[in-house]
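These notes are about the structure you will find just below.
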Protein chains: 2
Amino acid sequence: MKHITIKDVARRLNVSISTVSRAFNNKYDIRKETRTKILQVAEEMGYRPNPIARKLIQQKTFNVGVVVPEFINSYFPEVIIGIQEILHKQGYQVLVMQSNECYTTELINIKTLEDNMVDGMIISLSQEIHNNDYYLNLLEKGYPVVFFNRVDEDIPASKVVFDDYKWAYFATEHLVKQGYKKIYHLSGYQHLNLSQNRIRGYRKALDKFSVPYTSEYIIETGFYMEEGQAIMKKLLEEGNIPEAVFATNDTVAIGAMKAIKKARLKIPKDIALVGFTESKMADIVDPPLTSVSQPTFEMGRKAAELLLRQISSDGFAAPETVVLNGRLNVRDSSRKGLR
Amino acid sequence: MKHITIKDVARRLNVSISTVSRAFNNKYDIRKETRTKILQVAEEMGYRPNPIARKLIQQKTFNVGVVVPEFINSYFPEVIIGIQEILHKQGYQVLVMQSNECYTTELINIKTLEDNMVDGMIISLSQEIHNNDYYLNLLEKGYPVVFFNRVDEDIPASKVVFDDYKWAYFATEHLVKQGYKKIYHLSGYQHLNLSQNRIRGYRKALDKFSVPYTSEYIIETGFYMEEGQAIMKKLLEEGNIPEAVFATNDTVAIGAMKAIKKARLKIPKDIALVGFTESKMADIVDPPLTSVSQPTFEMGRKAAELLLRQISSDGFAAPETVVLNGRLNVRDSSRKGLR
DNA sequence: AAAGTTTTCGGAAACGCTTTCGGTAACGTT
DNA sequence: AACGTTACCGAAAGCGTTTCCGAAAACTTT
């Protein structure tokens, strides 16, 4: 476990450690031949500079922290891959932590990352109600932070978000244009910006085409399959049978799908279904699920780029917000007139 | 971005930095009152010891590295959650890196982790053919390393694996007992231990019940949906229609399912299907897919425990291998006599 | 050939902490 | 009253680097 240090290399070559350091950092005040000689011998000896010591003195770690609510679903992993793609290229390492949708854990994670002197953070908020103070404080200190997907409008930081409003509108519009009337919306946690925006999009579409609805058509379900299934089951048992359902994500939509199938109703004949935040599941369920796909990898890449900009400007670049577009993938679950 | 250091706290209280350090490390040679006083003031000042400096001097980072091939599918993320569950409790941070199934990236990741002085690593090998030298070297140096899922039998390290042989046997046996005869196996990359074991299990079951098969029944497909679909399509076009298929994982099985459905054949009436390494998809496809579920979280927890044991014994504990059991979840995709 | 420049290098401080060593004060012991 | 113990604390070395400062060596210039 003994590491070879800069001293070993220096001694071996009868030079000072400063010189070895210079060779590795490609400084101007070193002779070309000395440099190549040092690098060559160091390589032979298997010497690699200790990043910990380097971090300590440089006050720069080339690490960035990423905090996400979970990574069981493929959504966040895909974003993370996008993030890594950009950051690895610039020599950064990415530390991934998950908050398990818990605000307290989220804070602990952030403090850990801070203690470990990450050069910046990319955060997606947990679904719990939260207090912004710590984030505001972080930003005031000039700490580079970028939020994505789950953001809070009251935090003046760079953000990259999906245009939930617009695409919820399109998803709903699609159902309207197919001729469905009684259109329900299974919404995510309604204190989340993203849910509010989807609800707004849903309302906007119905309003525009003068499709009647009541506030009871909008039901808060959270983000899990069981919730979608339970709510749908309840609706059916109550005899409240929608013609179509627009769910806040695929998972909830598929939960609803299960309930509908169990009730021996047909999709889309009896009830049409549209998901959101398309997952791989959309294409393998039966019938295939209409959904709105998000550019997850792109979201990660954009977040990383914004962060790099913050970092290189010492955290005093003006915050930017990037809004990403998606695509509506129409599949059988919402095609009027299928069997 | 200016951090409060131990010096600031010391100056404020008119004590030496050693004393502050002692307070934080709960050493014996400090008076109780001094300690509580220091802790209190430090808390007020917002001081937290700098982990980087601590790592440098202690030669111990309380970080462990995890290298997985990917985390798009839920399998590895679940294992990672299990790992974190154990390690966080012991004050360790977990750094996750992915090799993208590429051996070169895997090595780079490992070196990065090594440079960052992680106290140990938990690794699942990429599917590329690899050379063991670097791992052997690591182990020789006494570096704590645990492998899981994708292991190599020639590396004498602690491992936690699934009993692929046994459960491939059970999966196949199930098909046999349902009365299917012409049973194909879509195998993963055959140089992987895990694939070989599954093939052995498959053969064993057929041999035991004297169900005839040829080597052509075993087809290497890799791990992706497209591959399962392509192979199945080819089989059907060639008129080589199996009565049942045992696939190396759910993804491949579902790929096959797609091909079968496209050919307008019925599952399980025309072709029965069994997956492996059960994913959430098993329960949402139509018909639901029979599969073997693995205790992913448990696998992570076990790997973490083995690693902790290696770490605390200075890397000279004898390597242990833990073999985990699974469960066969029979669903409609393999029930003989369904419509 | 002396002086001024530039190139190249070594010494030493610093990053923020832990830990060893030694010292002082307070106490008990004879 | 002299000594040994114990409890507590400070000084300083050290972890492996980078970087500032100054000096020697090598060139240029006059």
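Hydrogens, waters and symmetry mates are skipped; everything else that's a heavy atom, side chains included, is used. Each chain gets a letter, A, B and so on, in the order its sequence line appears, and its residues count up from 1.
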task = Any pair with a residue in residues 86-103 of chain A that passes salt bridge (Lys or Arg N to Asp or Glu O under 4.0 Å), sequence neighbours left out, goes on the list, sorted by first then second residue, please.
result = A/Glu101-A/Arg150
task = Only counting residues at least two apart or in another chain, list the ones meeting salt bridge (charged side-chain N to carboxylate O under 4.0 Å, His left out) with A/Glu43.
result = none
request  = Return the set of residues passing salt bridge (charged side-chain N to carboxylate O under 4.0 Å, His left out) with B/Arg35 (not counting sequence neighbours), or none when no residue passes.
outcome  = none
ask   = According to a strict under-4.0 Å criterion, is A/Lys7 in side-chain N/O contact with OP1 or OP2 of D/dC15?
value = yes
request  = Could you note down all residue pairs passing salt bridge (Lys or Arg N to Asp or Glu O under 4.0 Å) where residues 66-78 of chain B supplies at least one of them, sequence neighbours left out?
outcome  = none
ask   = Does the pair A/Arg301/A/Glu305 count as a salt bridge with the N-to-O cut at 4.0 Å?
value = no
side-chain contact (heavy atoms from CB on, under 4.5 Å) involving B/Leu308 - partner list, sequence neighbours excluded = B/Ile86, B/Leu87, B/Gln90, B/Tyr92
inquiry  = Quick check on contacts: within residues 10-31 of chain B, what sits under 4.0 Å from DNA chain C by heavy-atom distance?
reply    = B/Ile17, B/Ser18, B/Ser21, B/Arg22, B/Asn25, B/Lys27
task = Go through residues 45-62 of chain A and report each residue with a non-hydrogen atom lying under 4.0 Å from DNA chain C, sorted by number.
result = A/Leu56, A/Ile57, A/Gln59
ask   = Bend across the helix from C/dA1-D/dT30 to C/dT30-D/dA1, to 10°, with axes taken over 5 pairs at each end?
value = 60°
Partner residues of A/Asp154 under the salt bridge (charged side-chain N to carboxylate O under 4.0 Å, His left out) criterion, sequence neighbours left out = none
Salt bridge (charged side-chain N to carboxylate O under 4.0 Å, His left out) involving A/Asp115 - partner list, sequence neighbours excluded = B/Arg48
remark   = B/Glu128 meets the side chain to side chain donor-acceptor pair (under 3.5 Å) criterion, sequence neighbours left out, with none
request  = Write down the distance between CD1 (B/Ile4) and C1' (C/dC17), rounded to a whole number of angstrom.
outcome  = 16 Å
note = Contacts of B/Phe147 meeting ring pair (Phe, Tyr, Trp, His ring centres under 6.0 Å) (sequence neighbours excluded), chain-then-number -> B/Tyr135
